[in-house]
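Sequence lines set the chain letters: A, B, ... in the order given, protein chains first and strands last, and positions in each chain run from 1.
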Amino acid sequence: MDQIKKSILHLYPTTKFLVTLFLCISVFIVPGYLYAYSVLFICMFFSYLAGSFKEFSDLAIKALLLIVVFIFILQSFFYPGTHVIWSWSIFSIKQEGIDFALNLTSKIVAIGSSFILFFRITKVKDLISSLEALGLPPKVTYIFLSTLQIIPEMKKLTIVIMDAQKTRGVETEGKLFTRIKAFLPTLSPLILGSIAGTEERVLTLESRAFSAKVKKTSLYTVEKTKYDPIVRIILLILLITLIIWRVML
Amino acid sequence: MSMITIKNLSYQYPIVETDVLHDINISIEKGEFYAVIGSNGAGKTTFCNVIRGFIPHFYKGDLRGEILIEGKDIRDWELGDLSQKIGYVFQNPFTQISGVKETVFEEIAFGLENLGLEVEIIKEKVENVLKMLEIEYLQEKNPFELSGGQKQRVALASIIVMEPDILVIDEPTSQLDPQGTEEVFKIIELMKNKGKTIILVEHKMELIAEYADRIILMQDGKVVKQGLTKDILSDEDTLQYGSALPQYALFGIEMRNQNMDLGSIPLTEKQSISVVQQWMKKEGLA
Amino acid sequence: MTTKRGLKYDFSLIAILLIPIGVAINFVGAQIVLLLKLPVYLDTIGTALTAMIGGPWIGMVTGLCTNLVKGILNPVSFAFIPVQMGVGLVVGLLAMSGMFTKAWKVIIAAVLVSLTSTIIASPIQVLMFGGATGNSSDALVATFLASGQQIWTAVFSTKIINECIDKVFCLLIAFFIVKKMSPRYLSKLNYGSIFIKSKKQ
C-alpha cells in the first residue's frame with residue numbers, strides 16, 4: 001500500500017498532468033453522463049491510493065457541489081422543453097432541462113475533480129521545476145514561486161495589522177458602514193509596505209546575478225521514475241482504444 | 001591600477017532638481033577597508049549605488065564624470081557581470097531574501113544557481129560559507145522565519161558565496177542589536193583578512209576605529225575628507241562636517257584641551273588604556 | 001514619449017516583482033472582505049493596482065496568476081482566467097490614457113471595466129456552467145429567469161449589476177493607494193509618470 005502511494009506521488013509532474021489531461025479528453029469521447037460522473041470516483045480512488053482522500057473530497061465538495069446544484073436548479077426549471085415532470089404554480093421541471101444539466105455537470109465534475117486530484121498528488125514546486133526543465137523562462141518561474149511564498153506571508157500580516165488596528169480603536173464589527181471604513185486602513189499599509197519593498201528586492205536580485213546572461217542551474221530537481229514511461233504508454237493505448245471504439249460505434 | 005577610480009563624479013536622481021553627489025574624486029585600492037561616514041543625507045548610499053552600478057543601470061537620472069571598475073567604465077559593465085565583481089549588502093534584512101527559497105541553504109545557493117554553476121560545486125561552496133560564517137545551524141530554516149540579525153548574516157553569506165573581489169556594505173547593522181552587530185563585524189573582518197576590498201557605510205564609530213584602514217567622509221554630496229582612519233578620527237576638525245568621533249578619541253581630544261597631553265589621540269578601548277597608562281606613569285600617578 | 005515599447009520594456013525586474021504582490025493583494029482583499037463580512041468581492045484590487053502602475057501586460061499576467069493559484073484549490077477558476085486578464089488589460093489601457101487621475105474619472109473607468117468583465121464572463125458562465133457560478137449571485141440569475149428573461153440576458157444583467165458595484169470599490173481603492181505612493185517610487189515604474197504629473201497639479 002505504501003509502495004503504491006509512493007509510486008503515485010513520485011511520478012513525474014508532467015506524467016501526472018497527462019493523466020489529468022487524458023481524463024478530461026475522455027469525457028468528450030465517451031458519450032453520456034454516466035462515464036463522466038464515474039471519473040469523479042476514479043479520481044477518488046486514486047486520491048485514496050495516494051493517501052489524500054479526505055483533502056480531495058473536501059475540496060471537491062467545496063469547489064463543485066454548489067455550482068452543480070445551481071446548474072440543476074437553473075436548467076431544470078428554465079431550460080426550454082415540453083416534457084414536464086413536476087410543476088408547482090408557474091414553476092415546472094422539464095426532462096430536457098434535467099438531461100442538459102446532467103450532461104453539463106457530469107463534464108464539469110469530471111474535469112474539476114481530475115484537476116483537484118492533480119494538485120493533491122503534485123507539489124506545485126515540483127510542477128514548476130519540471131516546467132523549468134521544459135524551458136519555462138526563469139522570470140516566469142520566479143513569479144510563480146514568489147507568489148506562492150508571498151500569499152501566506154501577506155495573510156499572516158493581515159491578521160497582525162487587523163489586530164493592531166483594533167487596539168488603535170478602528171472598529172471592525174458592527175454596522176456595514178463601520179466595517180467598510182475598516183477596510184482601507186487594513187489593506188493600505190499592507191500594500192504600500194510590500195510595494196515599497198520591491199525596489200530593494202530588485203537590488204537583492206541583481207546582487208545575486210538574477211539577470212546574468214547564463215543558463216541557470218537548479219539545486220532542486222525532480223527525477224523521472226521507472227513507472228513514468230509505463231504510465232505514459234498505458235495512457236496512449238487507452239486513448240487510441242477509446243478513439244477507435246468511438247469511431248467504430 | 002586602482003580597483004575603482006572615480007573622477008569628477010556628479011549625479012542627479014530623476015524628478016529631483018539638485019545633485020546628490022558633487023564632483024567626487026577618489027580611488028579605491030585593492031585589499032583596503034574603507035569606511036564611508038557622514039551625517040544622514042550626505043549621499044553615502046547613493047555613492048554605494050554608483051559603485052555597484054545600480055546607478056545608472058537601475059536608478060535612471062543624470063550621471064556625469066567617470067567611474068572605472070578595473071579600468072572599465074561603469075556604464076559599459078553589465079549588471080549581471082558586476083555581481084561577481086562587487087558584492088552588495090544593505091540595511092534592511094527583510095528585503096534581502098530572494099523570496100523564492102524555502103531553506104537558508106537554498107537561499108545562499110540562489111546566486112550560484114543564477115551564475116549557472118554545477119550543482120556539486122554549488123553545494124560545496126555553500127557548505128564552506130556556512131562553516132566559515134558559523135551559521136550551519138540555520139541551514140534548514142525558512143529564510144522568512146529568521147531574526148533580523150540572522151537574516152543579515154544570511155544576506156552576507158549569500159553574497160560572500162559568490163566570491164566578489166569588492167564588498168560594498170551599506171549600514172548592515174543599523175537595524176540589529178549589539179550581539180547581531182558584533183557578529184556582522186566578525187564576518188566583515190574575516191573578509192578583510194581574506195584580502196577583499198571593503199567599502200562600508202557605518203555610523204558606529206568605535207567599530208570603524210577598530211576595523212577600517214581608511215575613511216571617506218561625506219557631507220552634502222561631497223567627499224570632504226579622506227585618509228587614514230587614525231588621522232581622520234583623531235582630528236577634532238572632523239566634527240565640523242557632521243560626523244561623530246569615537247568616544248575614546250573625544251576623550252583624548254578633551255584631555256589635550258585640558259592641557260593633559262596623552263602623547264597621541266586614542267581611537268579604541270585598547271589604545272585608550274595603553275596611552276592612559278603611559279601618561280599616568282609619565283605624570284608619576286601610577 | 002517616443003521610447004520603443006515592447007514586452008521587454010514592460011517586464012522590467014521591478015514590474016515583475018509587482019505581480020506576486022498584486023496576486024497576494026487580490027487574495028488578501030478577499031480575505032479582509034470575509035473577515036469584515038462585506039457584501040462585495042474586492043478580489044481584483046491587486047490586478048487593478050499592478051495594471052495601473054505596471055501597465056496592461058503586467059496587469060494581465062497578475063490576473064492570470066491569480067486565477068491559476070485559485071485554481072489549485074478550485075479548478076472552476078481556470079475557466080474564468082480570461083475575465084481577470086481582461087480586467088488587467090483594460091485597467092492598464094485606461095490608466096495610460098489618464099483615467100485614474102481623478103475620482104470622477106475612476107467611476108467612469110469602473111463602468112467600462114465592468115462592461116469588459118461582463119462581456120467576457122457571461123459567455124463562459126452561460127456556455128460552460130449553464131448560467132451558474134456557485135455563489136449567491138445565482139439567486140439573482142434565477143429571479144431574472146423566473147421573470148421570463150432569457151438565460152443570456154439574465155446572466156448579463158446579474159453580472160453587470162454585481163460588477164459595477166464591485167469594480168467601483170476596487171478601482172477607487174486602487175486609486176487611493178496609488179495616490180499615496182511616493183513620486184520617487186512611481187518614477188521607477190514605466191507607467192508611473194502619469195500619476196506623478198497628476199499629483200503636481
Neighbour count above 12 (heavy atom, 6.0 Å) for Glu171(A) CD: no
Considering only heavy atoms, which portion of Ile97(B) lies under 4.5 Å from any heavy atom of chain A: side chain, backbone, both, or neither? both
Polar side-chain atom of Gln149(A) near backbone of Lys101(B) as donor-acceptor pair, under 3.5 Å: yes
Could you go through Arg208(A) and Ile159(B), starting from their C-alpha distance and side-chain angles, then the distance that decides it, and tell me whether this counts as side-chain contact (heavy atoms from CB on, under 4.5 Å)? CA-CA 7 Å; Arg208(A) 310 280 194 83; Ile159(B) 294 301; 4.2 Å; yes
When Val161(B), Asn114(B), Ile86(B) are compared by non-hydrogen pairs under 4.5 Å with chain A, the top option: Asn114(B)
For Tyr137(B), look at atom OH and say whether over 12 heavy atoms of other residues, nucleotides or ligands are found less than 6.0 Å away. yes
Does Glu102(B) come within less than 4.0 Å of Lys123(A), counting only side-chain N to carboxylate O? no
Report the option among Ala212(A), Gly197(A), Ser146(A), Ser207(A) that has the most heavy-atom pairs separated by less than 4.5 Å from atoms of chain B. Ser207(A)
What part of Gln96(B) gets within 4.5 angstrom of chain A, counting heavy atoms only: side chain, backbone, both, or neither? both
Heavy-atom distance under 4.5 Å to chain B: side chain of Glu153(A), backbone, both or neither? side chain
Atom CD of residue position Glu136(B) - does it have more than 12 heavy atoms of other residues, nucleotides or ligands inside 6.0 Å? yes
For Leu115(B), is it the side chain, the backbone, both or neither that has a heavy atom under 4.5 Å from a heavy atom of chain A? both
If you draw a 6.0 Å radius around NZ in Lys54(A), do more than 12 non-hydrogen atoms from other residues or ligands fall strictly inside? no
Angle class for the Tyr142(A)/Phe110(B) ring planes (parallel below 30°, perpendicular above 60°, tilted otherwise)? tilted
Which bit of Tyr88(B) comes within less than 4.5 Å of chain A, counting heavy atoms only: side chain, backbone, both or neither? both
Below 4.5 Å from any heavy atom of chain A, which atoms of Phe94(B) appear? Answer side chain, backbone, both or neither. backbone
If you count heavy-atom pairs within less than 4.5 Å of chain A, which of Leu112(B), Asn92(B), Val89(B) leads? Asn92(B)
Taking the side chain as every heavy atom from C-beta outward, state whether Phe58(B) and Glu206(A) have any pair of such atoms under 4.5 Å apart. no
If you look at every heavy atom in Val100(B) and Leu145(A), which pair is closest and at what distance? CG1-CB, 3.6 Å
Answer yes or no: is there a donor N or O on one side and an acceptor on the other, between the side chain of Glu106(B) and the main chain of Leu219(A), under 3.5 Å? no
Taking the side chain as everything from C-beta on, heavy atoms only, tell me whether Leu203(A) gets closer than 4.5 Å to Asn49(B). yes
Does Lys194(B), at its NZ atom, have more than 12 non-hydrogen atoms belonging to other residues, nucleotides or ligands within less than 6.0 Å? no
Measure Lys215(A) against the heavy atoms of chain B and call it side chain, backbone, both or neither at under 4.5 Å. backbone
Take atom CZ of Phe210(A) as the centre, draw a 6.0 Å sphere, and report whether it contains more than 12 heavy atoms from other residues, nucleotides or ligands. yes
For Glu120(B), is it the side chain, the backbone, both, or neither that has a heavy atom closer than 4.5 Å to a heavy atom of chain A? neither
Out of Gly80(B), Ser98(B), Ala109(B), which one racks up the most heavy-atom pairs below 4.5 Å with chain A? Ser98(B)
Should Glu118(B) and Thr217(A) be marked as a side-chain contact (heavy atoms from CB on, under 4.5 Å) after you check the CA-CA gap, both sets of side-chain angles, and the distance that decides it? CA-CA 7 Å; Glu118(B) 272 173 51; Thr217(A) 46; 5.9 Å; no
